Amino acid sequence: MSAIGAFIIGAAHADEGAPAASAAAHAQGQGVYPPWQHGANNDSPARGLSFTEPDADNLADFHGDPIHPSLVLYVGGNYFFAMAPLVQAFEARYPQYKGHVYWETIPPGLLVKQIENGGTVTVGNMTWTVPADVYLAGLKAVQKQIDTGLLQAPAQPYVTNTLTIMVRAGNPAHITGLADLGRPEVRLAMPNPEFEGIARQIKASLEHAGGDALFNDVYGTKVADGSTVLTHIHHRQTPLWIMQGKAQAGVTWQSEAMFQEQAGHPISHVDIPAADNTTAIYAGAVTAHAPHAEAARRWLGFIRSPAGLAIFERYGFKPYQAKAG
C-alpha cells in the first residue's frame, strides 16, 4: 500500500490499531485533558452555568459567545494558545468589540468545510451557526480559497513558523532527529493530511532527512501496523497523547512545543536542522460574505502590527518578511 493510501485509511480509523499504552503510562495520563488554559480563551464575560467535564464534554477549540458576535475568526488551530492575548490586545485597541469576539481553532481544512456549510458546525449533540469574517491558515491554503471564491483578495501574510519534534520531557525514547521516527518501536502521533496542512510540510522534511523510505516508514508501514496514529486535531491530540503515554513523539510546529513547555507540561522538543526543516507562512483574508467586514479588516491590520507581532514572537513565530523582487 502507498503512503498516501495509508493516509486515507488512517483518516477513517485514526483511533484503531494503536498499540496499547502500558498500565503505568495509562495511570500517568489520568487527569491530563484539554482544555489546558482554564477558560482563558473565552471572550464572553457572562458565562452562566459552568459545566465542563474535560474528558466527556470538551469544546476546547470553540471560544466565546456565538449568539451576538461582532467579529468571528476561523483560525488554523496551531496557535490556539496565542489567541487569548491577541484578542485581549485587540480589544484594548478597539474597546467596542470587548466580549464580542468569537473564534474557532480547528484544522484549516475543517474550517473550509464549515465555511462551505454556511458556518454551521455540530459537536456532540449541539449544532450552531456562526459565519466567519476572517479565515487564517497557511498562505497557500488562503490563496486557494480566494481562487475558489470563498475569500476576498488579498491574502495577507503576517508570521512564519518552523517544525520541531515534540517528545515527552526527558526524551525517554531517545529521539535525536527525524530518522529516529522510522524506528519500529517508536510510537508516533502524526497529523492527518486530509485535515491538517502541516502534513505537507512534514512530508517534505521527512523526504529531506531520509528520502521516500523514511516517509513511507512513518506514514505507510507504521500507520498500517498501528505504531503511527493519525490525528484529527494535532495541536490537541499530539501533546495529550504524549503526556498520556499513548505516543512517544510527533512532529508539530515549534510554537506548539514552546507553548507546552511554557505552560509547565511534561513536554519537550528536539530541533530539526535547518537543512531538513520547512518554513510555513501564515496568512489571512476576509471571507466573501463577511457579516462584520470592517472588524475583519481591523483584525488583519492588528495582527500585522508591532503589538500583534510581539505576541506571536513569545511563542517562536517570526514576522513575515516579503522577499525582494
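Here, residue 1 is the first one in the sequence, and each next residue gets the next number. Computed from a predicted structure; not experimentally measured.
Between the side chains of Thr231 and Asn192, no donor-acceptor pair of N or O atoms lies under 3.5 Å. Judged purely by distance below 3.5 Å, without hydrogens or angles, the side chains of Asp276 and Ser205 never pair a donor atom with an acceptor atom. Thr120 and Gln114 share no side-chain donor-acceptor pair at under 3.5 Å. Side chains of Glu256 and His269: no donor on one and acceptor on the other come within 3.5 Å.
One distance of note links CD of Gln145 with CG of Asp147; it measures 8.5 Å at 0.5 Å rounding. The CD atom of Glu196 sits 11.0 Å away from atom OG1 of Thr252, with the distance rounded to the nearest 0.5 Å. Once rounded to the nearest 0.5 Å, the distance linking CD1 of Ile115 with CG of Leu110 reads 11.5 Å. Annotation: the span from Asn161 atom CG to Thr278 atom OG1 amounts to 11.5 Å, rounded to 0.5 Å. The CD1 atom of Ile175 sits 14.5 Å away from atom CZ of Arg168, with the distance rounded to the nearest 0.5 Å. Distance check, rounded to the nearest 0.5 Å: CD of Glu207 to CG of Leu214 gives 9.0 Å.
Across every non-hydrogen atom of Val142 and Ala137, the tightest pair is CG2-N, 3.8 Å. A pairwise comparison of heavy atoms in Ile267 and Glu261 identifies O-CG, 3.2 Å as the closest pair. Among all heavy-atom pairs drawn from Thr279 and Thr162, the shortest one is OG1-CG2, 3.6 Å. Closest of all the heavy-atom pairs between His232 and Pro107 is O-CG, 3.2 Å. In terms of heavy-atom proximity, Ala257 sits nearest to Thr164 at CB-CG2, 3.9 Å. Across Thr238 and Met166, no two heavy atoms sit closer than the pair CG2-SD, 4.1 Å.
We find that Arg236 and Asp61 are joined by a salt bridge, their nearest charged nitrogen and carboxylate oxygen being less than 4.0 Å apart. We find that Arg183 and Asp180 are joined by a salt bridge, their nearest charged nitrogen and carboxylate oxygen being less than 4.0 Å apart.
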TODO: Start with the C-alpha gap between Phe215 and Ile202, add the side-chain angles, then the distance that decides, and say whether side chain to side chain contact (heavy atoms under 4.5 Å, CB included) holds.
DONE: CA-CA 9 Å; Phe215 170 68; Ile202 292 173; over 6 Å; no
For this session: Determine, stepwise, if the pair Ser305 / Arg93 fulfils side chain to side chain contact (heavy atoms under 4.5 Å, CB included).
Result: CA-CA 12 Å; Ser305 72; Arg93 180 171 295 184; 3.8 Å; yes
Run the numbers on Thr105 and Phe62 for side chain to side chain contact (heavy atoms under 4.5 Å, CB included), then give the verdict. CA-CA 7 Å; Thr105 52; Phe62 301 87; over 6 Å; no
Practice item. Apply side chain to side chain donor-acceptor pair (under 3.5 Å) to the pair Asp133 and His292, showing each step before the final yes or no. Key: CA-CA 6 Å; Asp133 295 307; His292 313 100; 2.9 Å; yes
- prompt: Between Tyr79 and Phe317, does a side chain to side chain contact (heavy atoms under 4.5 Å, CB included) hold up when you go through it step by step?
  reply: CA-CA 10 Å; Tyr79 64 83; Phe317 292 92; 3.7 Å; yes
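The backbone N or O of Gly64 sits nowhere less than 3.5 Å from a side-chain atom of Asp43 that would complete a donor-acceptor pair. At distances below 3.5 Å, not a single donor-acceptor pair connects side-chain atoms of Ser227 with backbone N or O atoms of Arg187. When atom types are taken as modelled, the side chain of Gln262 and the backbone of Arg314 share a donor-acceptor pair closer than 3.5 angstrom. A distance-only check finds no donor-acceptor pair linking the side chain of Lys222 to the backbone of Asn216 [under 3.5 Å]. A side-chain donor-acceptor contact under 3.5 Å links Arg304 to the backbone of Leu300. Side-chain atoms of Glu104 never come within 3.5 Å of backbone atoms of Val75 as a donor-acceptor pair (strictly under, hydrogens ignored). Panel note: side chain Tyr135, backbone Pro108; a donor-acceptor pair is recorded below 3.5 Å.
The aromatic rings of Tyr158 and Phe312 sit tilted relative to each other, their planes meeting at an angle between 30° and 60°. Note: Tyr94 and Tyr97 have perpendicular aromatic rings, judged against thresholds of 30 and 60 degrees for the angle between ring planes.
Applying the ring pair (Phe, Tyr, Trp, His ring centres under 6.0 Å) test to pairs two or more places apart or on separate chains, those with a residue in residues 98-122 are His63-Trp103.
Using a 4.5 Å heavy-atom cutoff, the side chains of Phe195 and Ile106 are not in contact. Residues Thr127 and Val121 have side chains not in contact (no heavy-atom distance under 4.5 Å, counting atoms from C-beta outward). Contact check for His234 versus Ile198: side-chain heavy atoms found under the 4.5 Å cut-off. Side-chain contact check for Asn78 versus Ser255: every heavy-atom pair is 4.5 Å or farther apart. Proximity of Ile146 to Gln152: side-chain heavy atoms (C-beta onward) are nowhere separated by under 4.5 Å. Between Leu181 and Val251 there is a side-chain heavy-atom pair separated by less than 4.5 Å. For the pair Gln248/Ile242, no side-chain contact is recorded, criterion being any heavy-atom separation below 4.5 Å from C-beta on. Between Val72 and Tyr74 the shortest side-chain heavy-atom distance falls below 4.5 Å.
Neither Ile281 nor Val159 shares a network with the other; the hydrophobic side chains, linked directly or stepwise wherever heavy atoms of I, L, V, M, F, W or Y lie under 4.5 Å apart, form separate groups for each. Each of Leu59 and Ile67 belongs to its own hydrophobic cluster when Ile, Leu, Val, Met, Phe, Trp and Tyr are linked at side-chain heavy-atom distances under 4.5 angstrom. By the criterion of side-chain heavy atoms lying less than 4.5 angstrom apart, applied directly or through intervening Ile, Leu, Val, Met, Phe, Trp or Tyr residues, Leu139 is not grouped with Trp253; the two fall into different hydrophobic clusters. Cluster membership for Phe90 and Ile311, using ILVMFWY side-chain heavy atoms within less than 4.5 angstrom, is shared. Clustering ILVMFWY residues whenever any of their side-chain heavy atoms sit less than 4.5 angstrom apart, transitively, puts Ile233 in a cluster other than the one holding Phe259.
Aromatic rings of Tyr282 and Tyr320 (six-membered ring for Trp) have centroids beyond the 6.0 Å cut-off, not under it.
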